[in-house]
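All remarks here apply to the structure that follows.
All values below were derived from every heavy atom in this structure, side-chain atoms included, with hydrogens, water molecules and symmetry-related copies excluded.
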Amino acid sequence: MSDNELGLFLRSRREAVAPADVGLPTGPRRRTPGLRRAELATLAGVSVEYVTRLEQGRDRRPSAPVLSALADALRLTASERVHLHRLSKGAEAGFTCRGGAVPGRTVRPTVRALLDRLEPTPAVLLNGLGELLAWTEAYERLTRPLGLLDAHGSDGGPPSLVRYVFTDARARTAYPDWDRIADDQVAALKRGPFRADPHIAAVADELTVTAGPDFAERVATLPGLPRASGVLRLIHPEEGELRLGYETLELPADDDQRLVVHIPADDASTAALDRLTGRRSGALRAVSGWDR
(Lines give C-alpha, C1' and ligand atoms only; values in the text may rest on other atoms or scores of the structure.)
Protein backbone atom coordinates (compact mmCIF):
# COMPACT_ATOMS: atom_id res chain seq x y z
CA MET A 1 0.00 0.00 0.00
CA SER A 2 1.60 3.29 -1.12
CA ASP A 3 2.41 6.00 1.41
CA ASN A 4 3.09 8.62 -1.24
CA GLU A 5 -0.04 10.67 -0.57
CA LEU A 6 1.52 13.94 -1.73
CA GLY A 7 2.47 12.51 -5.12
CA LEU A 8 -0.91 10.84 -5.50
CA PHE A 9 -2.71 14.10 -4.79
CA LEU A 10 -0.59 16.13 -7.21
CA ARG A 11 -1.04 13.57 -9.98
CA SER A 12 -4.82 13.33 -9.48
CA ARG A 13 -5.20 17.13 -9.55
CA ARG A 14 -2.96 17.43 -12.63
CA GLU A 15 -5.07 14.88 -14.48
CA ALA A 16 -8.24 16.74 -13.48
CA VAL A 17 -7.23 20.06 -15.08
CA ALA A 18 -8.28 20.45 -18.70
CA PRO A 19 -5.62 22.14 -20.86
CA ALA A 20 -8.20 24.62 -22.14
CA ASP A 21 -8.88 25.73 -18.56
CA VAL A 22 -5.34 27.10 -18.29
CA GLY A 23 -5.09 28.50 -21.80
CA LEU A 24 -3.30 25.55 -23.42
CA PRO A 25 -4.30 23.99 -26.76
CA THR A 26 -5.98 20.59 -26.75
CA GLY A 27 -4.18 18.45 -29.28
CA PRO A 28 -5.50 15.24 -30.87
CA ARG A 29 -2.60 13.11 -29.60
CA ARG A 30 -3.07 13.47 -25.85
CA ARG A 31 -2.75 10.00 -24.28
CA THR A 32 -3.50 11.04 -20.71
CA PRO A 33 -6.29 13.16 -19.23
CA GLY A 34 -5.58 16.64 -18.00
CA LEU A 35 -2.19 18.30 -18.07
CA ARG A 36 1.10 16.69 -18.98
CA ARG A 37 3.88 16.90 -16.40
CA ALA A 38 5.81 19.24 -18.68
CA GLU A 39 2.81 21.55 -18.93
CA LEU A 40 2.38 21.69 -15.17
CA ALA A 41 6.10 22.34 -14.77
CA THR A 42 5.94 25.25 -17.20
CA LEU A 43 2.89 26.77 -15.50
CA ALA A 44 4.46 26.43 -12.04
CA GLY A 45 7.92 27.61 -13.08
CA VAL A 46 9.73 24.43 -12.01
CA SER A 47 11.49 21.67 -13.93
CA VAL A 48 9.62 18.67 -15.27
CA GLU A 49 12.17 16.49 -13.47
CA TYR A 50 11.12 18.05 -10.18
CA VAL A 51 7.41 17.46 -10.87
CA THR A 52 8.28 13.85 -11.65
CA ARG A 53 10.20 13.45 -8.39
CA LEU A 54 7.28 14.86 -6.41
CA GLU A 55 4.72 12.60 -8.06
CA GLN A 56 6.92 9.52 -7.64
CA GLY A 57 7.61 10.28 -3.99
CA ARG A 58 11.35 10.78 -4.46
CA ASP A 59 11.02 14.32 -3.10
CA ARG A 60 8.37 14.92 -0.44
CA ARG A 61 9.35 18.28 1.01
CA PRO A 62 8.73 21.03 -1.54
CA SER A 63 9.27 24.57 -0.31
CA ALA A 64 6.38 26.91 0.43
CA PRO A 65 6.93 28.94 -2.79
CA VAL A 66 6.90 25.75 -4.87
CA LEU A 67 3.71 24.56 -3.15
CA SER A 68 2.10 27.91 -3.86
CA ALA A 69 3.16 27.83 -7.51
CA LEU A 70 1.82 24.29 -7.95
CA ALA A 71 -1.44 25.20 -6.23
CA ASP A 72 -1.88 28.21 -8.52
CA ALA A 73 -1.06 26.21 -11.64
CA LEU A 74 -3.51 23.45 -10.66
CA ARG A 75 -6.18 26.00 -9.71
CA LEU A 76 -6.71 24.38 -6.35
CA THR A 77 -9.63 25.40 -4.19
CA ALA A 78 -9.05 26.68 -0.67
CA SER A 79 -9.70 23.25 0.86
CA GLU A 80 -7.39 21.59 -1.68
CA ARG A 81 -4.62 24.07 -0.86
CA VAL A 82 -4.98 23.30 2.85
CA HIS A 83 -4.84 19.60 2.05
CA LEU A 84 -1.72 20.04 -0.07
CA HIS A 85 -0.02 21.88 2.78
CA ARG A 86 -0.94 19.13 5.25
CA LEU A 87 0.41 16.44 2.95
CA SER A 88 3.73 18.23 2.55
CA LYS A 89 4.08 18.60 6.31
CA GLY A 90 2.90 15.04 6.89
CA ALA A 91 5.89 13.76 4.93
CA GLU A 92 8.17 15.00 7.70
CA ALA A 93 8.77 12.43 10.43
CA GLY A 94 8.57 13.23 14.12
CA PHE A 95 5.31 15.20 14.40
CA THR A 96 1.64 14.42 13.85
CA CYS A 97 -1.28 16.75 14.46
CA ARG A 98 -3.08 14.15 16.56
CA GLY A 99 -0.03 13.27 18.62
CA GLY A 100 -1.13 9.65 19.08
CA ALA A 101 -4.45 10.63 20.66
CA VAL A 102 -7.09 7.92 20.78
CA PRO A 103 -10.14 8.34 18.51
CA GLY A 104 -12.63 10.83 19.91
CA ARG A 105 -15.67 8.89 21.11
CA THR A 106 -16.83 11.30 23.82
CA VAL A 107 -19.75 13.49 22.75
CA ARG A 108 -19.85 16.84 24.49
CA PRO A 109 -23.19 17.79 26.14
CA THR A 110 -23.57 20.83 23.91
CA VAL A 111 -23.21 18.66 20.82
CA ARG A 112 -25.88 16.27 22.12
CA ALA A 113 -28.11 19.27 22.78
CA LEU A 114 -27.52 20.44 19.22
CA LEU A 115 -28.61 17.05 17.88
CA ASP A 116 -31.78 17.28 19.97
CA ARG A 117 -32.47 20.70 18.47
CA LEU A 118 -32.04 19.33 14.96
CA GLU A 119 -35.03 16.99 15.21
CA PRO A 120 -36.79 15.99 12.97
CA THR A 121 -33.75 16.29 10.71
CA PRO A 122 -31.63 13.16 10.10
CA ALA A 123 -28.21 14.07 11.50
CA VAL A 124 -25.27 12.00 12.72
CA LEU A 125 -21.98 12.66 14.50
CA LEU A 126 -18.90 10.75 13.28
CA ASN A 127 -15.27 10.62 14.35
CA GLY A 128 -12.14 10.29 12.24
CA LEU A 129 -12.52 6.51 12.03
CA GLY A 130 -15.97 6.76 10.49
CA GLU A 131 -17.65 5.62 13.71
CA LEU A 132 -21.17 6.83 14.43
CA LEU A 133 -21.15 8.36 17.90
CA ALA A 134 -24.58 9.96 18.21
CA TRP A 135 -27.55 10.67 15.99
CA THR A 136 -31.04 12.08 15.92
CA GLU A 137 -34.13 9.92 16.22
CA ALA A 138 -34.90 10.81 12.61
CA TYR A 139 -31.53 9.41 11.52
CA GLU A 140 -32.23 6.21 13.42
CA ARG A 141 -35.61 5.75 11.76
CA LEU A 142 -34.01 6.40 8.39
CA THR A 143 -31.01 4.08 8.73
CA ARG A 144 -31.94 1.34 11.21
CA PRO A 145 -33.89 -0.64 8.56
CA LEU A 146 -30.81 -0.50 6.28
CA GLY A 147 -28.64 -2.29 8.84
CA LEU A 148 -26.30 0.68 9.14
CA LEU A 149 -26.50 0.86 12.93
CA ASP A 150 -25.58 -2.85 13.21
CA ALA A 151 -22.08 -2.37 11.76
CA HIS A 152 -20.03 -2.50 14.96
CA GLY A 153 -16.28 -2.96 14.93
CA SER A 154 -14.40 -5.98 16.25
CA ASP A 155 -13.79 -4.15 19.55
CA GLY A 156 -17.51 -3.78 20.16
CA GLY A 157 -17.27 -0.03 19.66
CA PRO A 158 -19.77 2.27 17.95
CA PRO A 159 -21.32 1.43 14.58
CA SER A 160 -18.97 2.18 11.69
CA LEU A 161 -20.12 3.78 8.46
CA VAL A 162 -16.95 2.78 6.59
CA ARG A 163 -17.27 -0.85 7.71
CA TYR A 164 -20.93 -0.89 6.70
CA VAL A 165 -20.18 0.45 3.22
CA PHE A 166 -17.37 -2.03 2.53
CA THR A 167 -18.36 -5.20 4.41
CA ASP A 168 -22.16 -5.31 4.61
CA ALA A 169 -23.86 -6.57 1.44
CA ARG A 170 -26.93 -4.48 2.29
CA ALA A 171 -24.95 -1.31 1.63
CA ARG A 172 -24.90 -1.91 -2.13
CA THR A 173 -28.68 -2.03 -2.13
CA ALA A 174 -29.05 0.94 0.22
CA TYR A 175 -26.72 3.12 -1.87
CA PRO A 176 -27.46 2.96 -5.61
CA ASP A 177 -24.39 5.15 -6.11
CA TRP A 178 -22.25 2.78 -4.05
CA ASP A 179 -18.99 3.49 -5.90
CA ARG A 180 -19.25 7.18 -5.11
CA ILE A 181 -20.08 6.50 -1.47
CA ALA A 182 -17.13 4.10 -1.21
CA ASP A 183 -14.82 6.72 -2.73
CA ASP A 184 -15.89 9.28 -0.13
CA GLN A 185 -15.44 6.87 2.77
CA VAL A 186 -11.86 6.14 1.75
CA ALA A 187 -11.19 9.82 1.17
CA ALA A 188 -12.53 10.62 4.65
CA LEU A 189 -10.15 8.12 6.23
CA LYS A 190 -7.24 9.58 4.28
CA ARG A 191 -7.87 13.28 4.80
CA GLY A 192 -5.78 13.45 7.98
CA PRO A 193 -2.53 11.69 8.88
CA PHE A 194 -3.94 8.37 7.58
CA ARG A 195 -1.38 5.61 8.15
CA ALA A 196 0.72 7.81 10.43
CA ASP A 197 -2.18 7.46 12.87
CA PRO A 198 -2.08 3.90 14.32
CA HIS A 199 -5.84 3.80 14.87
CA ILE A 200 -6.65 4.74 11.29
CA ALA A 201 -3.93 2.38 10.05
CA ALA A 202 -5.56 -0.46 11.99
CA VAL A 203 -8.92 0.19 10.33
CA ALA A 204 -7.23 0.37 6.92
CA ASP A 205 -5.40 -2.92 7.52
CA GLU A 206 -8.63 -4.60 8.62
CA LEU A 207 -10.58 -3.40 5.58
CA THR A 208 -7.76 -4.33 3.22
CA VAL A 209 -8.34 -7.92 4.36
CA THR A 210 -12.12 -7.94 4.79
CA ALA A 211 -13.07 -5.80 1.77
CA GLY A 212 -10.16 -6.68 -0.52
CA PRO A 213 -9.57 -4.77 -3.77
CA ASP A 214 -12.72 -2.67 -3.37
CA PHE A 215 -10.96 -0.93 -0.50
CA ALA A 216 -7.26 -1.39 -1.27
CA GLU A 217 -7.44 -0.07 -4.84
CA ARG A 218 -9.22 3.07 -3.66
CA VAL A 219 -6.59 3.67 -1.01
CA ALA A 220 -3.91 3.46 -3.69
CA THR A 221 -5.60 5.81 -6.15
CA LEU A 222 -7.81 8.31 -4.30
CA PRO A 223 -6.61 11.52 -2.61
CA GLY A 224 -7.98 12.33 0.84
CA LEU A 225 -10.60 14.92 -0.03
CA PRO A 226 -14.16 13.70 0.61
CA ARG A 227 -17.08 15.75 -0.67
CA ALA A 228 -18.35 17.92 2.18
CA SER A 229 -21.77 18.44 0.60
CA GLY A 230 -23.90 17.05 -2.18
CA VAL A 231 -26.87 14.79 -2.78
CA LEU A 232 -27.13 11.26 -1.44
CA ARG A 233 -29.46 8.70 -3.01
CA LEU A 234 -30.77 6.13 -0.56
CA ILE A 235 -33.06 3.14 -1.12
CA HIS A 236 -35.24 2.70 1.94
CA PRO A 237 -37.10 -0.64 2.33
CA GLU A 238 -40.35 1.14 3.22
CA GLU A 239 -40.18 4.40 1.30
CA GLY A 240 -38.17 3.53 -1.79
CA GLU A 241 -35.65 5.98 -3.23
CA LEU A 242 -34.92 9.16 -1.28
CA ARG A 243 -32.73 12.05 -2.41
CA LEU A 244 -31.09 13.78 0.52
CA GLY A 245 -28.86 16.82 0.40
CA TYR A 246 -26.12 16.72 3.00
CA GLU A 247 -23.77 19.21 4.66
CA THR A 248 -20.71 18.26 6.73
CA LEU A 249 -19.88 20.48 9.69
CA GLU A 250 -16.44 20.05 11.26
CA LEU A 251 -16.13 20.30 15.04
CA PRO A 252 -12.96 21.63 16.75
CA ALA A 253 -9.76 19.65 16.22
CA ASP A 254 -9.75 18.40 19.82
CA ASP A 255 -12.99 16.53 19.10
CA ASP A 256 -11.87 15.02 15.78
CA GLN A 257 -15.54 14.75 14.90
CA ARG A 258 -17.87 15.92 12.16
CA LEU A 259 -21.62 16.43 12.05
CA VAL A 260 -23.45 15.38 8.89
CA VAL A 261 -26.92 16.85 8.43
CA HIS A 262 -29.36 15.57 5.80
CA ILE A 263 -32.10 17.65 4.18
CA PRO A 264 -34.65 16.34 1.64
CA ALA A 265 -33.70 17.37 -1.88
CA ASP A 266 -37.16 17.11 -3.43
CA ASP A 267 -40.84 17.02 -2.46
CA ALA A 268 -41.09 13.22 -2.65
CA SER A 269 -38.20 12.83 -0.21
CA THR A 270 -39.77 15.44 2.07
CA ALA A 271 -43.00 13.46 2.23
CA ALA A 272 -41.12 10.19 2.82
CA LEU A 273 -39.10 11.64 5.70
CA ASP A 274 -42.26 13.07 7.24
CA ARG A 275 -43.80 9.60 7.21
CA LEU A 276 -40.66 7.97 8.65
CA THR A 277 -40.38 10.47 11.49
CA GLY A 278 -44.12 10.63 12.18
CA ARG A 279 -44.14 14.35 11.68
CA ARG A 280 -46.80 16.53 10.15
CA SER A 281 -46.57 17.04 6.42
CA GLY A 282 -43.94 19.59 5.52
CA ALA A 283 -42.08 19.46 8.85
CA LEU A 284 -38.95 19.06 6.75
CA ARG A 285 -38.90 21.29 3.70
CA ALA A 286 -37.05 20.38 0.54
CA VAL A 287 -34.16 22.71 -0.25
CA SER A 288 -33.86 23.93 -3.82
CA GLY A 289 -30.57 23.95 -5.68
CA TRP A 290 -29.40 20.45 -4.72
CA ASP A 291 -29.24 19.21 -8.31
CA ARG A 292 -25.47 19.28 -8.71
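- Taken to the nearest 0.5 Å, the CG atom of Leu207 stands 7.5 Å off from the CG atom of Leu189.
- A salt bridge links Arg218 with Asp179: at least one charged nitrogen is closer than 4.0 Å to a carboxylate oxygen.
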Please step through side chain to side chain contact (heavy atoms under 4.5 Å, CB included) for the pair Arg163 and Thr210, ending with a clear verdict.
CA-CA 9 Å; Arg163 286 190 179 95; Thr210 57; over 6 Å; no

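- With 3.5 Å as the limit, one finds no donor-acceptor pair spanning the side chains of Thr270 and Asp267.
- Residue pairs meeting the salt bridge (charged side-chain N to carboxylate O under 4.0 Å, His left out) criterion with at least one member in residues 62-73, sequence neighbours excluded: Asp72-Arg81.
- Residues passing the salt bridge (charged side-chain N to carboxylate O under 4.0 Å, His left out) test with Arg75: none are found, sequence neighbours excluded.
- Residues passing the salt bridge (charged side-chain N to carboxylate O under 4.0 Å, His left out) test with Asp168 are Arg170, sequence neighbours excluded.
- Closest approach of Tyr164 to Ala171, counting heavy atoms only: O-CB, 3.4 Å.
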Audit row: Leu142, Leu234, side chain to side chain contact (heavy atoms under 4.5 Å, CB included) steps and yes/no
CA-CA 10 Å; Leu142 175 67; Leu234 201 64; 3.9 Å; yes

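- Scored by the side-chain hydrogen bond (donor to acceptor under 3.5 Å, both in side chains) test, Asp21 finds no partners at all (sequence neighbours excluded).
- No side-chain heavy atom of Leu125 sits less than 4.5 Å from a side-chain heavy atom of Trp135.
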Would Ile181 and Leu232 satisfy side chain to side chain contact (heavy atoms under 4.5 Å, CB included), going step by step from the backbone distance to the final call?
CA-CA 9 Å; Ile181 301 299; Leu232 168 71; 3.4 Å; yes

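- Residues satisfying the side chain to side chain contact (heavy atoms under 4.5 Å, CB included) criterion with Ser63, sequence neighbours excluded, are Pro65, Val66.
- For Phe166, the ring-ring contact (aromatic ring centres under 6.0 Å, His included) test picks out Trp178, Phe215, with sequence neighbours left out.
- Residues passing the side-chain hydrogen bond (donor to acceptor under 3.5 Å, both in side chains) test with Glu239 are Arg275, sequence neighbours excluded.
- With sequence neighbours left out, Pro237 forms a side chain to side chain contact (heavy atoms under 4.5 Å, CB included) with Pro145, Leu146.
- The pair Arg144-Asp150 meets the salt-bridge criterion, since a charged nitrogen lies less than 4.0 angstrom from a carboxylate oxygen.
- We find that Glu55 and Arg14 are joined by a salt bridge, their nearest charged nitrogen and carboxylate oxygen being less than 4.0 Å apart.
- Without hydrogens or angle criteria, Ser269 side chain to Ala265 main chain gives no donor-acceptor distance under 3.5 Å.
- In terms of the salt bridge (charged side-chain N to carboxylate O under 4.0 Å, His left out) criterion, residue partners of Glu137 (sequence neighbours excluded) are, by chain and number, Arg141.
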Mind listing the side-chain donor-acceptor pairs of residues 109-117 below 3.5 Å, one per line with the distance, residues two or more places apart or on another chain?
residue, atom, partner, partner atom, Å
Thr110, OG1, Arg108, NH1, 3.2

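- Checked by atom type and distance alone, the side chain of Arg258 pairs as donor or acceptor with a backbone atom of Asn127 at under 3.5 Å.
- Judged as a side-chain hydrogen bond (donor to acceptor under 3.5 Å, both in side chains), and not counting sequence neighbours, the contacts of Thr77 are Ser79, Glu80.
- Glu119 pairs by the salt bridge (charged side-chain N to carboxylate O under 4.0 Å, His left out) definition with nothing, not counting sequence neighbours.
- A donor-acceptor pair under 3.5 Å is formed between the side chain of Lys190 and the backbone N or O of Leu222.
- Under the 3.5 Å distance criterion, the side-chain polar atoms of Thr248 are matched with a main-chain donor or acceptor of Ala228.
- One distance of note links CG of Leu6 with CG of Leu10; it measures 4.5 Å at 0.5 Å rounding.
- Rounding to the nearest 0.5 Å gives a distance of 8.5 Å between CG of Leu54 and CG of Leu67.
- No donor-acceptor pair under 3.5 Å is formed between the side chain of Glu217 and the backbone N or O of Asp214.
- Judged by distance alone, the side chain of Asp197 and the main-chain N or O of Ile200 form a donor-acceptor pair under 3.5 Å.
- Side-chain contact between Pro159 and Leu148 is absent, with no heavy atoms from C-beta onward closer than 4.5 Å.
- Within the 4.5 Å cutoff, the side chain of Val107 has no heavy atoms near those of the Asp255 side chain.
- Judged by distance alone, with hydrogens and angles left aside, the side-chain atoms of Ser68 form no donor-acceptor pair with the main-chain N or O of Ala64 at under 3.5 Å.
- Residues Arg105 and Asp256 are not paired through a salt bridge, judged by the lack of any N-O separation under 4.0 Å between the basic side chain and the carboxylate.
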